[in-house]
Amino acid sequence: MTTVLPLIDEAMKKSDLVWLAADGSPATAAWHIWQDGAAYVVTGPGEQPLPGIAEAPTCAVITRSAHTWGRIVTWEAAVSRVRPGSEEWDSVVPVLVSKRLSLPDGTAATERWAAVGAVLRLTPTGRLLEAGESLSSDSGTTSPRPTPATTSVRIPYTVGRRAKKR
C-alpha cells in the first residue's frame with residue numbers, strides 16, 4: 001500500500017467535491033468520501049456520470065482548497081471497483097449512503113448500486129501531477145458540454161414583479 005502524502009490527505013479530508021479525468025477526457029465533477037486513505041465515488045444510472053473512469057486503470061484527481069476553492073493539488077489515483085458483499089463494501093457503502101444528497105430511494109440505493117451502479121475506490125499512486133509551484137496558471141475552465149437541455153424563453157409570471165414600462 002502506498003503512503004498517502006499529507007497534502008493529498010488534508011486536501012481530501014476537507015473537500016466533498018473533486019474533478020476526475022481519465023484518458024484525456026474532460027474533467028468531471030464528482031462528490032466523494034475520503035476513508036482509509038482513499039476516495040470513494042459512486043457512478044451509474046441515477047448517479048453522477050463519470051465517463052471513462054470506471055474502465056480506466058488510473059485517473060487524475062483535481063482537488064480544490066476548502067478555503068479559496070482554487071486548485072490545490074492534482075494527483076494520480078489507481079481506480080478499482082469495490083465488490084458488493086465484500087468487507088470493504090460493507091464498511092464504505094453505509095457512509096456513502098449517509099453522505100449522498102437527495103437520495104431518491106434511501107437505503108435501497110445499496111441494492112441499486114450493487115446491481116447496476118459502481119462504487120469506485122481511488123487510491124493515491126504517490127504521483128503528484130500538479131502541486132504548489134507546478135500548478136498551472138490556467139483556470140482549467142471549459143465551455144459547457146453539448147446537451148439537449150434547454151431553458152424556456154418566456155419567464156413565467158412571478159408574484160410581486162413589476163410590469164415593464166412601455
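All values below come from the heavy atoms of this structure, side chains included, with hydrogens, waters and symmetry mates left out. Being a predicted model, the structure only gives us computed values, none of them experimental.
Under the side chain to side chain contact (heavy atoms under 4.5 Å, CB included) rule, Cys59 has a single partner from Val79, Val41, Leu50, which is Val79.
Across all their heavy atoms, Ala21 and Ala27 have their closest contact at CB-CA, 3.9 Å. A pairwise comparison of heavy atoms in Ala60 and Leu129 identifies CB-CD1, 3.7 Å as the closest pair.
For Arg127, the salt bridge (charged side-chain N to carboxylate O under 4.0 Å, His left out) partners are Glu76, not counting sequence neighbours. Not a single salt bridge (charged side-chain N to carboxylate O under 4.0 Å, His left out) links Lys99 to another residue, sequence neighbours left out. Partners of Glu47 under the salt bridge (charged side-chain N to carboxylate O under 4.0 Å, His left out) rule, at least two apart in sequence or in another chain, are Arg100, Arg112. Shown here are the side-chain contact (heavy atoms from CB on, under 4.5 Å) partners of Val97, two or more places apart in sequence or in another chain: Val93, Leu103, Thr110, Trp113. For Ala78, the side-chain contact (heavy atoms from CB on, under 4.5 Å) partners are Thr125, not counting sequence neighbours.
Linking ILVMFWY side-chain heavy atoms closer than 4.5 Å, directly or via other members, places Val116 and Val42 in two distinct hydrophobic clusters. A continuous path of hydrophobic side-chain contacts links Leu17 to Ile62 [ILVMFWY only; heavy atoms under 4.5 Å].
Side chain of His32 to main chain of Ser15: a donor-acceptor pair is present (N/O by atom type, distance under 3.5 Å, no hydrogens or angles). In this structure, Thr43 contributes its side chain and Gln48 its backbone to a donor-acceptor pair below 3.5 Å.
One distance of note links CE of Met12 with CD1 of Ile33; it measures 10.5 Å at 0.5 Å rounding. A distance of 5.0 Å separates CG in Leu96 from CH2 in Trp31, rounded to the nearest 0.5 Å. Taking CH2 from Trp34 and CG from Leu122, the interatomic distance works out to 9.0 Å, rounded to the nearest 0.5 Å. Rounding to the nearest 0.5 Å places CZ of Arg81 at 6.0 Å from CG of Leu120. A distance of 9.0 Å separates CZ in Arg121 from CD in Gln35, rounded to the nearest 0.5 Å. Rounded to the nearest 0.5 Å, atoms CG (Leu128) and CG (Leu5) are 5.0 Å apart.
Among residue pairs with one or both ends in residues 18-29, those qualifying as side chain to side chain donor-acceptor pair (under 3.5 Å) are Thr28-Arg145; sequence neighbours excluded.
Heavy atoms from other residues, nucleotides or ligands lying under 6.0 Å from CG of Asp90 number more than 12.
In this structure the side chain of Ile8 never reaches within 4.5 angstrom of the side chain of Thr63, judged on heavy atoms.
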